[in-house]
Amino acid sequence: MVLKMASEVRRPRRTGRGLVGIVAVSVAGFGALTAWPASSFAATGTTSASVTGGSLSVGSVGTMSALTPAIGSSSTGALPSAQWADDTGTGSGWNGTVAISPLTFTGTWVAGSNNGSTSTSLTSTAAGSYTGTADGVSYTLKVTTATTGGVTAFSYTSTAAADPSGTGSATNGTPTAVGNEGLAITFDSSGTYKVGDTYTVLAGTQSASALTVDTATAPAVSSSNTTSPGPGYVNNGSTIPAGSAVGTVNSAGAVRVLSAALGQGASGTGYYTAAPGVSITADNNSWAKTYSGTLVYSIVTGP
């Protein structure tokens, strides 16, 4: 099995730092129609500069090297790197979190046999996007009424306990749902399908607890534009529950993976590049395919 994840980022709005220049002012006096005096008079004043804080932000997300566990076994690596920044000037500290969507695989429709002959081909073999929670699932579809007037009727069976069987009627040329777990089939608009034509697709979702934090496999945090110590990786061994890829620390779905200490000049003031380490354990009934998901990084105030 191979795991890859696309990424997406929530970026808070940043404000800049404002500076006011310091101006020295002097005034010289002189007598009318006379030579410059040997000495002059000076007047001095004061001015001030006001520095405003910026914001916390996370961005510059990189790509992820594939994790390749064997079926029923584990593999370790790191999530995509990102730049975590603290421009607030408050010394409040911060936490970096990650949330991950379910890791799923959806195959393509493969034509099977129809009484010893190959079933009518499909120009588009796309099968939608599997939304079920079971892994190692297969769906088999059979045409039950030959195409008439651009409509093809079918039945299906599957190994998914939540969606074992059903029927449908497809308008050729239009994606038509197969079952209730996100799969679909598109019969060719000009195609004529025969009774007994069969098609099979494989699908699955890894366990919601397949991913855990593994700080030992994370690369060292690097820094720029700062002299303060960097944040540290935290929560080694914690599960990163698959679910909606949203959330902040203390809300469902997001797990703290970086932490910067409280206090002005303490760790976390500046810009840091980090890639949280993870371990994935593949289900025993996984397909030997690529499972994909989406992750969201967040940065929030707090020690």
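Everything quoted here is computed from the prediction, not taken from an experiment.
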Original post:
Are Ile280 and Val98 connected, step by step, through hydrophobic side chains (Ile, Leu, Val, Met, Phe, Trp, Tyr) whose heavy atoms are closer than 4.5 Å?
Top reply: yes
Original post:
Val143 and Tyr139: same hydrophobic cluster, using ILVMFWY side-chain contacts below 4.5 Å?
Top reply: yes
Which heavy-atom pair separates [X] from [Y] by the least distance, and what is that distance?
X	Y	answer
Ala274	Val221	CB-CG2, 4.0 Å
Phe154	Ala177	CZ-O, 3.7 Å
Trp109	Ala126	CD1-O, 3.4 Å
Val278	Leu67	CG2-CD1, 3.9 Å
Ala218	Ala275	CB-O, 3.5 Å
Asp135	Ser286	OD2-OG, 3.3 Å

[X] [atom1] to [Y] [atom2] distance, which is reported to the nearest 0.5 Å:
X	Y	atom1	atom2	answer
Met64	Ser81	CE	OG	11.5 Å
Tyr233	Thr217	OH	OG1	9.0 Å
Leu79	Ile100	CG	CD1	5.0 Å
Ile185	Leu122	CD1	CG	5.0 Å
Ser60	Tyr297	OG	OH	12.5 Å
Thr106	Glu181	OG1	CD	11.0 Å

N/O donor-acceptor pair under 3.5 Å between [X] side chain and [Y] backbone:
X	Y	answer
Ser222	Ala220	no
Gln206	Thr104	no
Thr301	Trp94	no
Trp287	Val137	yes
Thr159	Ser138	yes

Original post:
Under the criterion side chain to side chain donor-acceptor pair (under 3.5 Å), which of Ser207, Ser73, Ser74 is the partner of Thr281?
Top reply: Ser74
Original post:
side chain to side chain donor-acceptor pair (under 3.5 Å) with Tyr156: which of Thr167, Thr140, Asp163?
Top reply: Asp163
Mind checking whether [X] and [Y] have side chains closer than 4.5 Å, heavy atoms only?
X	Y	answer
Val255	Asn235	yes
Thr186	Pro175	yes
Tyr272	Pro231	yes
Thr212	Ile240	no
Asp87	Ser57	no
Tyr130	Thr205	yes
Val195	Thr144	no
Ile299	Asn95	no

Checking side-chain polar atoms at under 3.5 Å, does [X] have a donor or acceptor matched by the opposite partner on [Y]?
X	Y	result
Asp86	Tyr271	no
Thr152	Thr147	yes
Ser279	Asp214	no

Original post:
Can Ser119 and Asn114 be said to form a side chain to side chain donor-acceptor pair (under 3.5 Å), step by step?
Top reply: CA-CA 5 Å; Ser119 297; Asn114 183 350; 5.1 Å; no
Subject >> Working for side-chain contact (heavy atoms from CB on, under 4.5 Å), residues Val178 and Leu141 >> reply: CA-CA 8 Å; Val178 178; Leu141 179 149; 3.9 Å; yes
**OP:** Show your reasoning for whether side-chain contact (heavy atoms from CB on, under 4.5 Å) applies to Thr88 and Leu56.
**Re:** CA-CA 7 Å; Thr88 62; Leu56 298 173; 4.0 Å; yes
**OP:** Take Ser117 and Asn115, measure what side-chain contact (heavy atoms from CB on, under 4.5 Å) needs, and give me the verdict at the end.
**Re:** CA-CA 6 Å; Ser117 300; Asn115 294 321; over 6 Å; no
Original post:
If you look only at pairs with a residue in residues 195-206, which of them pass as a salt bridge (charged side-chain N to carboxylate O under 4.0 Å, His left out), with sequence neighbours excluded?
Top reply: Lys194-Asp197
Original post:
Applying the side chain to side chain contact (heavy atoms under 4.5 Å, CB included) test to Thr269, which of Ser223, Pro229, Ser228 qualifies?
Top reply: Ser228
Original post:
Parallel, tilted or perpendicular for Tyr193 and Tyr199, by the 30°/60° rule?
Top reply: perpendicular
**OP:** For the pair Leu211 and Leu103, evaluate side-chain contact (heavy atoms from CB on, under 4.5 Å) and give the outcome as yes or no after the intermediate values.
**Re:** CA-CA 10 Å; Leu211 277 172; Leu103 308 176; 4.0 Å; yes
